[in-house]
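Take a look at the structure below.
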Amino acid sequence: MKILSRRFYARNPKIVAIELLGKVIVRKVGNKKLSGMIVETEAYYGDKDPASRAYKGKKKYNSVMWDLPGKLFIYMVHGNWLLNIVAHGKDSVGVVLIRAIEPLDGIDEMMKNRKVKDIENLTNGPGKLTRAMGIDKRLNGFDVTKRNSEIVVVDSGFRPKSIANSYRIGVTKDLPEKLRFYLKGNRFVSK
DNA sequence: AGGAAGATCTACT
DNA sequence: GTAGATCTTCCTA
């Protein structure tokens with residue numbers, strides 16, 4: 001179980017979004033371990049991307065986007081916390097939005113957090129997985145490349161067989177490029 | 001004060 | 001499957 005390094009995130013967000021598929025997010029809460037495999041992501045750029053939180057310039061709440069790659073960027077939309085990881089090269093800004101995961105460890109605990117019966121509905125959306133894992137604003141700016149972080153992303157060795165893409169979901173102004181990526185056929189991809 | 005925002009839940013046809 | 005209410009911050013006036 002290798003923790004992904006800062007170098008992994010210091011690339012074009014589109015590349016990082018694709019390569020994050022199949023990796024595992026591990027969340028530690030006290031002595032409990034919650035984890036899930038990433039099955040759906042979206043890439044966002046900076047000032048050239050009207051759907052990006054960085055589009056209108058640096059603000060207090062989005063300043064972490066200009067910070068080091070590998071940090072968490074968390075913000076609220078429609079009453080849901082959305083989990084992003086900062087990913088960009090030296091002279092640009094970008095993030096990868098985690099849209100869905102496949103639950104692995106701590107499923108009982110996550111069920112409790114979300115009050116749902118069927119596993120399929122547990123983490124198949126960006127706002128759902130954050131609630132299931134107990135992620136909120138407190139974790140904004142967290143570094144996921146450090147061992148012993150409350151959250152890390154590891155390479156389990158899994159290699160996706162087939163990856164599909166589409167336009168991003170829910171955005172009012174998208175770019176003419178398909179920036180959403182997901183594991184084809186996986187039942188935990190959002191609807 | 002008012003409204004928009006990478007969404008979700010519920011209650012229907 | 002779709003339609004509408006509701007979710008909570010942060011921006012703009």
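Letters A, B, ... are given to chains in the order of the sequence lines, protein chains preceding strands, and every chain is numbered from 1.
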>> For DNA chain C, which residues of residues 96-126 of chain A approach it to below 4.0 angstrom with any heavy atom?
In response: none
> Of all residues at least two apart in sequence or in a different chain, which pass the salt bridge (charged side-chain N to carboxylate O under 4.0 Å, His left out) check with A/Arg114?
Replying inline: none
> Can you name the salt bridge (charged side-chain N to carboxylate O under 4.0 Å, His left out) partners of A/Lys56, sequence neighbours left out?
Replying inline: none
> Are side-chain N/O atoms of A/Arg131 and A/Asn80 paired as donor and acceptor at under 3.5 Å?
Replying inline: yes
> What stems involve DNA chain C, if each pair must be Watson-Crick or G-U and both of its distances must be under 3.5 Å, with 3 or more such pairs in a row?
Replying inline: B:1-5 with C:8-12, B:7-12 with C:1-6
>> Taking salt bridge (charged side-chain N to carboxylate O under 4.0 Å, His left out) as the definition, give me every residue that meets it alongside A/Lys71, ordered by chain and number, with sequence neighbours left out.
In response: A/Asp67
> In whole Å, what is the span from the CD1 atom of A/Ile169 to the P atom of B/dA5?
Replying inline: 17 Å
> Crowded around A/Arg6 CZ? As in, over 12 foreign heavy atoms under 6.0 Å?
Replying inline: yes
> Could you state the NZ-C1' distance from A/Lys191 to B/dT8, rounded to the nearest angstrom?
Replying inline: 13 Å
Please report, to 0.1 Å, the donor-acceptor pairs under 3.5 Å made by any side chain of residues 98-111 of chain A, with sequence neighbours excluded.
residue	atom	partner	partner atom	Å
A/Arg99	NE	A/Glu40	OE2	2.9
A/Arg99	NH2	A/Ser190	OG	3.4
A/Glu102	OE1	A/Asn186	ND2	2.9
A/Asp105	OD2	A/Ser35	OG	2.8

>> Suppose we screen for salt bridge (charged side-chain N to carboxylate O under 4.0 Å, His left out). Which residues come up paired with A/Arg159, at least two apart in sequence or across chains?
In response: A/Asp155
>> In whole Å, I'd like the distance from the CG atom of A/Asp49 to the P atom of B/dA5.
In response: 14 Å
> Can you list every pair that meets ring pair (Phe, Tyr, Trp, His ring centres under 6.0 Å) and has a residue in residues 55-104 of chain A, with sequence neighbours left out?
Replying inline: A/Phe73-A/Tyr75
>> Does anything in residues 72-87 of chain A form a salt bridge (Lys or Arg N to Asp or Glu O under 4.0 Å)? List the pairs, not counting sequence neighbours.
In response: none
>> Show every ring pair (Phe, Tyr, Trp, His ring centres under 6.0 Å) that has at least one partner inside residues 148-191 of chain A, sequence neighbours left out.
In response: none
>> I need the CG-P distance between A/Asn84 and B/dA5, as an integer number of Å.
In response: 17 Å
> What does nucleotides 7-13 of chain C look like as a protein-contact string, B for base, S for sugar-phosphate only, - for none, at under 4.0 angstrom between heavy atoms?
Replying inline: BBSSS--
> Can you check the A/Arg168 CZ to B/dA7 P distance for me, whole Å?
Replying inline: 11 Å
> Residues sharing A/Tyr45's hydrophobic cluster, by side-chain heavy-atom contacts under 4.5 Å among ILVMFWY, directly or via others?
Replying inline: A/Leu175, A/Leu179
